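First comes the structure, then the notes that go with it.
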Protein chains: 2
Amino acid sequence: MAKMIDVAKLAGVSVATVSRVLMGKGKVREQTRQKVLEAIKQLNYKPNRLARNLRRLESQTVVVVIPDISNPFFTEIVLGIQEIANQHGYHVLLGNTNNDVKREIQFIEMVKEKVADGVILVTVRNPKERFLKLAQEFPIVFACEYIKGAELPMVTIDNVRSAQCVVNYLVNLGHRKIGYIGGPQQVIVSRDRLQGFIQGVIQNDIPFEPAYITEGDFGIQSGIEMATKLLQLPSPPTAIFAANDEMAIGAIKAIKNHGLSVPKDIAIVGFDNITMSTVVEPALTTISQPRRQIGQKAMELLLQLIHNPMLKREHIVLPYELVIRQSCGNPSVWSDS
Amino acid sequence: MAKMIDVAKLAGVSVATVSRVLMGKGKVREQTRQKVLEAIKQLNYKPNRLARNLRRLESQTVVVVIPDISNPFFTEIVLGIQEIANQHGYHVLLGNTNNDVKREIQFIEMVKEKVADGVILVTVRNPKERFLKLAQEFPIVFACEYIKGAELPMVTIDNVRSAQCVVNYLVNLGHRKIGYIGGPQQVIVSRDRLQGFIQGVIQNDIPFEPAYITEGDFGIQSGIEMATKLLQLPSPPTAIFAANDEMAIGAIKAIKNHGLSVPKDIAIVGFDNITMSTVVEPALTTISQPRRQIGQKAMELLLQLIHNPMLKREHIVLPYELVIRQSCGNPSVWSDS
DNA sequence: TGAATATATGTAATCGATTACATTTAAGGA
DNA sequence: TCCTTAAATGTAATCGATTACATATATTCA
């Protein structure tokens, strides 16, 4: 493989000049520049990034840590990240933790190894203190999941408000008996959505019924199980709100299995607006997060942070949207006050 | 950030010794090794990969080029790749082409830049000659898609046979009027599956009806459109085989929109067995590719190729499976002879 | 035209590891 | 004990770029 010195020789100049042409800075006579470019083309030369990056002490790479690569919810975020990254000549390494808490840290350590210049975390399962320390040391941005009450760069929606909005919507449709299928409580968005749900219930003067609150693991199967549990209650709910679309889809399946109909007998609302929610029948009413935009914003923040570690850490809250389809009946425009 | 020389000083040895401890080769007295390990721990030292890789002229990274990261079909393959990669201390860079032909080549060039040691291509849209030349130069493995009649490392299923198998299955259920929704003809698997479909039709002595053959773009919407076209034929088919699950799902939607029922009026078969095919109603009968295994095998091949560029190029063909669900009625076990 | 200044190019140090080779220290054998 | 050989450790070159600094060449203006 051709090296810079080969190019220099062929063009009859020094490596410094070749480098200047490549970097596009420093003065080079147009005529010389052409000679160099010609030599580069002739040798089909590409600079060795390892060498460049070692010298410049950067890797032009970022790591995106997600819990599950095969989950379409996360890939859309990655897409947004990649868009901005590529615009700035950065590469994106995908870190798939498979929900393994230890691997979260391993991926962050890649910054220490100079494999990456920064990290975007789309999963936050380790204890808060750990992240606070790590975020001090490395450029880290949190996307979707985050750390409560910390001055760190984070990009999320308002999970509390959005869950509350769903309750308002259901109450508005006349529901008073609303079941809830939450996510695992160790992840913050689950806690937020549960909190939003409870606030919504209370603010609408609905008697609080603990049996209506169940906890799944974000998988379809757990949606089926929890919905079944709710259906077997002496006074089952007339509407079920699931903390993500997969569980909502599971709930729909369970309800149909019980010979009931959605939305006639029971209304369903999901969360995330994944593609599948348009395919299921009835199409799912759900909260939509601006996933691509979250990814973009997170990457922009990370780039700023990499180039200016002293940057003020800010929590960016992007708008959510209630996408109304058929799973609650009465398709209609609606706006939360 | 601590460097190797800091560790060496603290441990009272030379950098060579530290490196030997780290690399685990060369003789080091147990006592010295402990001193070094102690110093490493104390300084929280991690070797700089850029430096290591530059010296060793490798990057311990591979690029996986896929056409669309948000397509769950591909992520499962990536999962298999990552599994093997991580076992061998390799990192995986995801190259998302967004179906842009030019970017395919750009990602391969990353090997020239030493950003990666090899490439796994899960999309092959450029002309054959181009790849033949590139595959000579760099370690490249093809997964799912491939190059016809070339001695290159490839991991796929038999797309012709599997499509033929679907036709046999449908004929076995009594269908004689079978419609086909193919993928874009520039991708090889589309051509293979179409060929398999036609072979199946001919071998079953079914009169060949060109109007039954349509072409979509692998998206749900195109499935809707093509199925609609088939339904408007004077003598519409009683079964439709789509070259992927998304289009099959689109077809189901279209059929329902026409007030017809699946599978009572029309049977549907898809291809790929994505998660969504279990969610749609009726659940989709489809060909399942061992995606994870394809990824694993491809990565294994690539590792071999990286460490031994003279390796014989072989085409590995993995078994497919017809997954029978409800979209053709008569749920039953069935085996192609 | 010649000195002063600006522009263009070259030389060599540097990034942080690995490793061939040199050197020191320890072990084994007579 | 001394010599030979093996084991342990150190020194310095190396990977391929970037860039500070030095030097050569061109330009400007009195």
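Letters A, B, ... mirror the listed sequences (proteins, then strands); counts begin at 1. Since the model is a prediction, treat every value here as computed from it, not as a measurement.
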Given C:dA8, is OP1 or OP2 found less than 4.0 Å from the side-chain N or O atoms of A:T17?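 False: A:T17 side-chain N/O out of range (4.0 Å or more) of C:dA8 OP1/OP2.
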Within a reach of under 6.0 Å around [atom1] of [X], are more than 12 heavy atoms found that belong to other residues, nucleotides or ligands?
{"X": "A:K112", "atom1": "NZ", "answer": "yes"}
{"X": "B:K102", "atom1": "NZ", "answer": "no"}
{"X": "A:I5", "atom1": "CD1", "answer": "no"}

Where do A:S70 and B:E76 come nearest, in terms of heavy atoms and distance?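 Nearest heavy atoms, A:S70 then B:E76: CB-OE1, 4.4 Å.
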All ring pair (Phe, Tyr, Trp, His ring centres under 6.0 Å) counterparts of [X], not counting sequence neighbours:
{"X": "A:Y146", "value": "A:H315"}
{"X": "B:F107", "value": "none"}
{"X": "A:H307", "value": "none"}

Could you pull out all donor-acceptor pairs under 3.5 Å where a side-chain atom in residues 133-145 of chain A meets a protein atom, sequence neighbours excluded?
residue : atom : partner : partner atom : Å
A:E145  : OE1  : A:V124  : N            : 3.0
A:E145  : OE2  : A:R125  : NH2          : 3.2

Salt bridge (Lys or Arg N to Asp or Glu O under 4.0 Å) contacts touching residues 30-41 of chain A (sequence neighbours left out):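 Listed once each, the pairs would be none.
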Can you pull the salt bridge (Lys or Arg N to Asp or Glu O under 4.0 Å) pairs that have at least one residue in residues 307-317 of chain B, sequence neighbours excluded?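 Non-adjacent pairs meeting salt bridge (Lys or Arg N to Asp or Glu O under 4.0 Å): zero.
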At a heavy-atom distance below 4.0 Å, which nucleotide of DNA chain D is the first touched by chain B, and which is the last?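 Under 4.0 Å from chain B, the extent on DNA chain D is D:dA8 to D:dG16.
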Per the side-chain hydrogen bond (donor to acceptor under 3.5 Å, both in side chains) rule, what does the pair list look like for residues 56-66 of chain B, sequence neighbours excluded?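 Residue pairs passing side-chain hydrogen bond (donor to acceptor under 3.5 Å, both in side chains), neighbours aside: B:S59-B:D117.
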Among residues 18-29 of chain A, which residues get a heavy atom nearer than 4.0 Å to DNA chain D?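 Of all residues in residues 18-29 of chain A, the ones placing a heavy atom under 4.0 Å from DNA chain D are A:S19, A:M23, A:K25.
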Which residues, if any, of residues 35-61 of chain B bring a heavy atom under 4.0 Å of DNA chain D?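 By residue number: B:L54, B:R55, B:L57.
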DNA chain D: B:R33 or A:I5, which has the more 5' nearest nucleotide?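 The residue closer to the strand's 5' end, by nearest nucleotide, is B:R33.
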To the nearest 10°, give me the bend of the helix from C:dT1-D:dA30 to C:dA30-D:dT1, comparing the axes of its five terminal pairs at either end.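 Roughly 40°, once rounded to the nearest ten degrees.
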Could you tell me which residues satisfy side chain to side chain donor-acceptor pair (under 3.5 Å) with A:N159, sequence neighbours excluded, listed by chain and number?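 So A:N159 forms a side chain to side chain donor-acceptor pair (under 3.5 Å) with A:R193.
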Got a second to check how far A:I157's CD1 is from A:Q293's CD, nearest 0.5 Å?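 Between atom CD1 of A:I157 and atom CD of A:Q293 there are 12.0 Å.
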Assuming nearest nucleotide by heavy-atom distance, tell me which of B:A2 and A:E30 is located more 5' along DNA chain C.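 The 5'-side residue here is A:E30.
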